[in-house]
2 protein chains.
Amino acid sequence: MHRQGYVYNRTAANLRQRVSSTVALVINDLSNPFFAEFAAGVDEALGVKGYVTLLGSSNESPARQRQVLASLMEHHPAGIILSPAEASDAADIELAIGRHTPLLVFNRELIGSTATGFDYDFLGLDNRAGARAATTRLLALGHRRVAFYGGHAESSSCRERRLGYTDALQAAGIAVDPRWMIETVPARLEASAHADALFATDPAPTAAVCYNDAVALGLMLGLIRLDRHPGTDFAVTGFDDIPEAAVGMPPLTTMCAAPRARGRQAAELLLQRATTPSLPRRSVIVPVQLIERESTPHAPHP
Amino acid sequence: MHRQGYVYNRTAANLRQRVSSTVALVINDLSNPFFAEFAAGVDEALGVKGYVTLLGSSNESPARQRQVLASLMEHHPAGIILSPAEASDAADIELAIGRHTPLLVFNRELIGSTATGFDYDFLGLDNRAGARAATTRLLALGHRRVAFYGGHAESSSCRERRLGYTDALQAAGIAVDPRWMIETVPARLEASAHADALFATDPAPTAAVCYNDAVALGLMLGLIRLDRHPGTDFAVTGFDDIPEAAVGMPPLTTMCAAPRARGRQAAELLLQRATTPSLPRRSVIVPVQLIERESTPHAPHP
DNA sequence: CTGAAAGCGCTTACAG
DNA sequence: CTGAAAGCGCTTACAG
């Protein structure tokens with residue numbers, strides 16, 4: 001039968017059974033290894049359960065995201081996993097996908113989601129606790145002047161990480177200096193270019209909690225250009241634990257988010273809801289773990 | 001009508017029309033930014049033409065690749081774009097997908113493909129010409145002792161790049177020293193660890209053509225550990241132009257392969273064949289371009 | 001228990 | 001030109 005070249009037509013079966021064996025996966029930025037790993041994890045877990053992944057990429061554009069969702073909806077997926085573009089509006093998403101297709105949102109919250117009865121599951125990282133842990137560790141190493149470096153202050157993840165940072169400082173009885181919260185485009189190049197902003201005050205910080213690994217790696221390059229030595233006379237932490245973090249110079253202390261495992265988890269959560277629509281809305285916030293490497297030396301003696 | 005929550009059912013339409021609006025994309029390694037960018041390019045170009053991407057990832061396992069292809073085939077895609085796992089067998093692939101679904105193979109050739117009448121298009125990089133150009137440039141900078149560093153010698157792309165390297169040396173009348181062709185796992189960490197192999201001979205090389213950017217970035221770290229200074233007293237070239245190459249220390253001279261553009265091109269080629277099955281087999285070899293950065297200084301004076 | 005018929009949501013070919 | 005019927009490849013509910 002297989003010799004005759006017969007292949008089962010699952011789309012016909014799905015039509016008759018009124019079920020779907022596909023899940024749509026919409027990613028904001030595939031060229032970021034964090035999201036690429038997440039996608040790989042989703043695809044892996046879906047495959048195990050007999051589902052096939054319909055891929056869409058929004059390239060951080062809410063307009064493209066709408067188009068992509070509309071196009072994917074025409075294939076009637078069993079559910080949607082959405083890692084939203086920056087500043088995605090909940091009403092917008094609802095218009096594109098309706099209220100009948102299970103939705104799992106990853107990583108950042110949608111804007112204005114509480115107003116309507118539009119319901120979806122959420123999977124995200126514990127950004128606040130993670131940044132708090134990183135900051136607390138720097139304080140334990142003797143640093144007293146610690147900056148928060150990089151990211152867009154309006155983005156939800158940056159806001160949360162800044163909160164964790166101030167949590168830790170306040171718990172240690174240290175005043176927060178707003179000049180030490182420095183905003184940059186969350187990318188290596190821009191982070192590298194703004195390193196001098198850290199040394200605008202006297203005394204200057206001896207350590208920086210960075211928005212993410214890309215920013216931290218960029219900052220380390222910028223520090224070297226300024227004749228500072230990350231890992232020796234300046235401490236730097238990141239967030240994400242991308243593959244580059246472990247082989248940086250020096251290797252980067254960071255918060256591990258395990259994106260591939262998050263992808264598998266997202267697939268599990270979505271399929272649970274697809275099979276049991278009566279489940280209450282769930283919001284899963286995953287703890288992140290401190291990975292200590294050589295980029296965080298003790299504070300210099302005063 | 002849209003207000004009523006109606007969404008067009010394209011799968012039903014496809015069933016009736018006996019056409020498909022999906023294309024399967026199977027990727028060997030999504031966590032490699034080169035392939036993630038390629039996937040993003042494919043998805044972008046397919047979306048423009050009204051197709052949806054069915055994603056599959058093989059994680060470099062031929063066994064998983066077979067499963068993934070079989071599962072995707074049940075959705076009767078209009079065609080398949082395959083970036084094969086290492087050592088993929090043509091007969092294996094044919095068994096999984098049959099001879100009626102258009103196939104485009106990207107990046108590496110399948111093993112044993114010429115025997116049967118199994119037909120597919122191919123899109124790859126001009127590895128040989130690229131490595132030749134990199135080597136020729138190092139020679140023009142005055143280097144006379146140039147190594148080829150990294151990669152698995154059996155892989156088709158490594159073989160081709162080594163050929164380009166020897167081409168350039170022979171054209172310059174320089175003998176190839178087999179001790180200067182050094183094999184490593186094609187990853188940063190392993191490349192970093194083997195740097196000392198470059199200095200096993202006396203005199204030692206003053207420059208290295210690396211298998212790819214990951215290897216080159218790893219080698220630069222390894223050189224520093226050995227108190228050598230890439231970009232000052234040693235020259236290094238890469239291959240791929242991944243985002244990290246431009247912001248390395250020093251920025252890396254490399255061959256630009258533009259993976260996102262390759263993805264778009266792959267989608268175009270496949271859709272052409274899907275619409276015009278009578279086309280003859282095509283093999284498109286894309287030239288790569290030298291991007292010169294600071295990692296390639298002149299040879300030191302003897 | 002077996003087998004022929006109806007139906008999923010569309011499109012197409014055909015009758016009026 | 002319009003509208004009802006047949007059919008894509010499956011599954012399911014129903015008749016024998």
Side-chain angles (χ1 to χ4, degrees), chain A residues 1-26 46-56 66-80 94-103 270-271 273-278, chain B residues 1-26 46-56 66-80 94-103 270-271 273-278:
Chain A
M1 190 158 150
H2 179 258
R3 278 283 162 74
Q4 296 296 322
Y6 169 80
V7 257
Y8 180 73
N9 189 331
R10 190 169 298 278
T11 63
N14 285 342
L15 179 63
R16 178 57 178 92
Q17 289 181 106
R18 326 202 59 169
V19 300
S20 173
S21 60
T22 63
V23 165
L25 170 65
V26 178
L46 288 179
V48 168
K49 300 269 187 179
Y51 287 80
V52 153
T53 308
L54 298 173
L55 180 68
R66 261 196 310 276
Q67 293 168 6
V68 163
L69 284 170
S71 157
L72 293 174
M73 279 304 288
E74 297 189 342
H75 289 83
H76 289 242
I80 300 175
E94 180 182 0
L95 206 67
I97 70 174
R99 292 186 172 196
H100 295 302
T101 309
L103 171 65
L270 183 77
L271 292 182
R273 166 156 319 275
T275 4
T276 321
S278 60
Chain B
M1 190 156 152
H2 179 258
R3 278 281 162 73
Q4 297 296 323
Y6 168 80
V7 259
Y8 180 75
N9 190 331
R10 191 170 299 278
T11 62
N14 285 343
L15 180 61
R16 180 55 178 91
Q17 287 181 108
R18 327 201 59 168
V19 300
S20 172
S21 59
T22 63
V23 166
L25 170 65
V26 178
L46 288 179
V48 168
K49 301 268 187 183
Y51 287 80
V52 153
T53 308
L54 298 172
L55 180 68
R66 261 195 309 275
Q67 293 169 5
V68 162
L69 284 170
S71 157
L72 293 174
M73 279 305 287
E74 297 190 344
H75 288 83
H76 288 243
I80 299 174
E94 180 181 1
L95 206 68
I97 71 174
R99 293 187 172 196
H100 295 302
T101 309
L103 171 65
L270 182 76
L271 292 182
R273 167 156 318 275
T275 4
T276 320
S278 60

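The sequence lines fix the lettering, A, B, ..., with proteins before strands; numbering per chain opens at 1.
- With B:V23 as the partner, the side chain to side chain contact (heavy atoms under 4.5 Å, CB included) test is satisfied by one option alone out of B:T53, B:L270, B:V52, B:L54: B:L270.
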ask   = For DNA chain C, what dot-bracket results from Watson-Crick or G-U pairs at under 3.5 Å, with [ ] for crossers and | for inter-strand partners?
value = |||.||||||||.|||
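- For B:R273 against B:P102, the heavy-atom pair with the smallest separation is CG-CB, 3.7 Å.
- With no hydrogens or angles considered, no side-chain donor-acceptor pair links B:T11 and B:H75 at under 3.5 Å.
- Nucleic acid contact for A:V19: none, since no nucleic acid atom lies under 4.0 Å from a heavy atom of the residue.
- Of the possible polar contacts, none joining the A:S71 side chain to the A:Q67 backbone as a donor-acceptor pair under 3.5 Å is found.
- Rounding to the nearest 0.5 Å places CG of A:L72 at 10.5 Å from CD1 of A:I97.
- The NE2 atom of B:H100 lies 12.0 Å from the NE2 atom of B:H76; values are rounded to the nearest 0.5 Å.
- In 5' to 3' order, the nucleotides of DNA chain C bounding all contacts with chain B (an atom under 4.0 Å from a heavy atom) are C:dG9 to C:dT12.
- Between the side chains of A:T22 and A:S20, at least one donor N or O lies within less than 3.5 Å of an accepting N or O.
- Residue B:I80 holds its CD1 atom at 10.5 Å from CG of B:L25, rounded to the nearest 0.5 Å.
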